[in-house]
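Remember, predicted model here, so these are calculated numbers, not experimental data.
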Amino acid sequence: MTEDDIGLRIKASRKNAGMTQEELGKKVGVTKATINKYETGVVLNMKRPTIEHIAEALGVEPGYLMGWTDNATTVQTNNGVIGQNSGLVTVNNSERALSKEELELLRIYGALDVKRRMKLLQTAIELEEEQY
């Protein structure tokens, strides 16, 4: 696990939480520029308390940011049809229905090794940024 991987997980978790770098920085007690440095891997050897504060602010486990565990997402399927809701995802006690496509992406993600997961995540982030 490299610092870049941690940065990618921080960025993905921040975007998933609908936060800007500035908002995350305020929650953690650092500047937007510092969050940017964490996400881009400029800051090496982040201290454990820093990772814990970021994880808490993002609603994820510190171990997830470190790449030691997968995100604690529970998915229940009900054999839905593509394009229709086919499962339920629970993250931090908040639920929403998932489409068949979303479930397939989770399945693929779960089958990949850490290096390929980070590549998939980076590609998804880049695609998301392209549409804005």
Pairs where residues 18-36 contributes a residue and the test salt bridge (charged side-chain N to carboxylate O under 4.0 Å, His left out) is met, not counting sequence neighbours:
Glu22-Lys26
Please report the closest heavy-atom contact between Leu24 and Ala57, naming both atoms and the distance.
CD1-CB, 3.7 Å
Between Gln21 and Ile35, what is the shortest heavy-atom contact and its length?
O-CG1, 3.7 Å
Inter-residue atom distance Lys47.NZ - His53.NE2, 0.5 Å rounding
13.0 Å
Where do Leu58 and Ile10 come nearest, in terms of heavy atoms and distance?
CD1-O, 3.9 Å
For Glu56, does the CD atom have more than 12 heavy-atom neighbours from other residues, nucleotides or ligands under 6.0 Å away?
no
Shortest non-hydrogen contact between Val60 and Ser13, atoms and distance:
CG1-OG, 4.0 Å
Only pairs under 3.5 Å count here: list side-chain donor-acceptor contacts from residues 118-127, not counting sequence neighbours, and write none if there are none.
| residue | atom | partner | partner atom | Å |
| --- | --- | --- | --- | --- |
| Gln122 | NE2 | Glu126 | OE2 | 3.1 |
| Thr123 | OG1 | Lys119 | O | 2.9 |

Contacts of Glu52 that satisfy salt bridge (Lys or Arg N to Asp or Glu O under 4.0 Å) - sequence neighbours left out
none
Mind checking salt bridge (Lys or Arg N to Asp or Glu O under 4.0 Å) for Glu129 and listing every partner two or more places apart, or none if nothing turns up?
Lys11, Lys15
Does Thr34 have any side-chain contact (heavy atoms from CB on, under 4.5 Å) partners at least two apart in sequence or in another chain, and if so, which?
Val30, Thr31, Tyr38
Hey, what do you get for CD (Glu39) to CD1 (Ile54), rounding to the nearest 0.5 Å?
8.5 Å
Between atom CD1 of Ile6 and atom OH of Tyr64, what is the distance when rounded to the nearest 0.5 Å?
12.0 Å
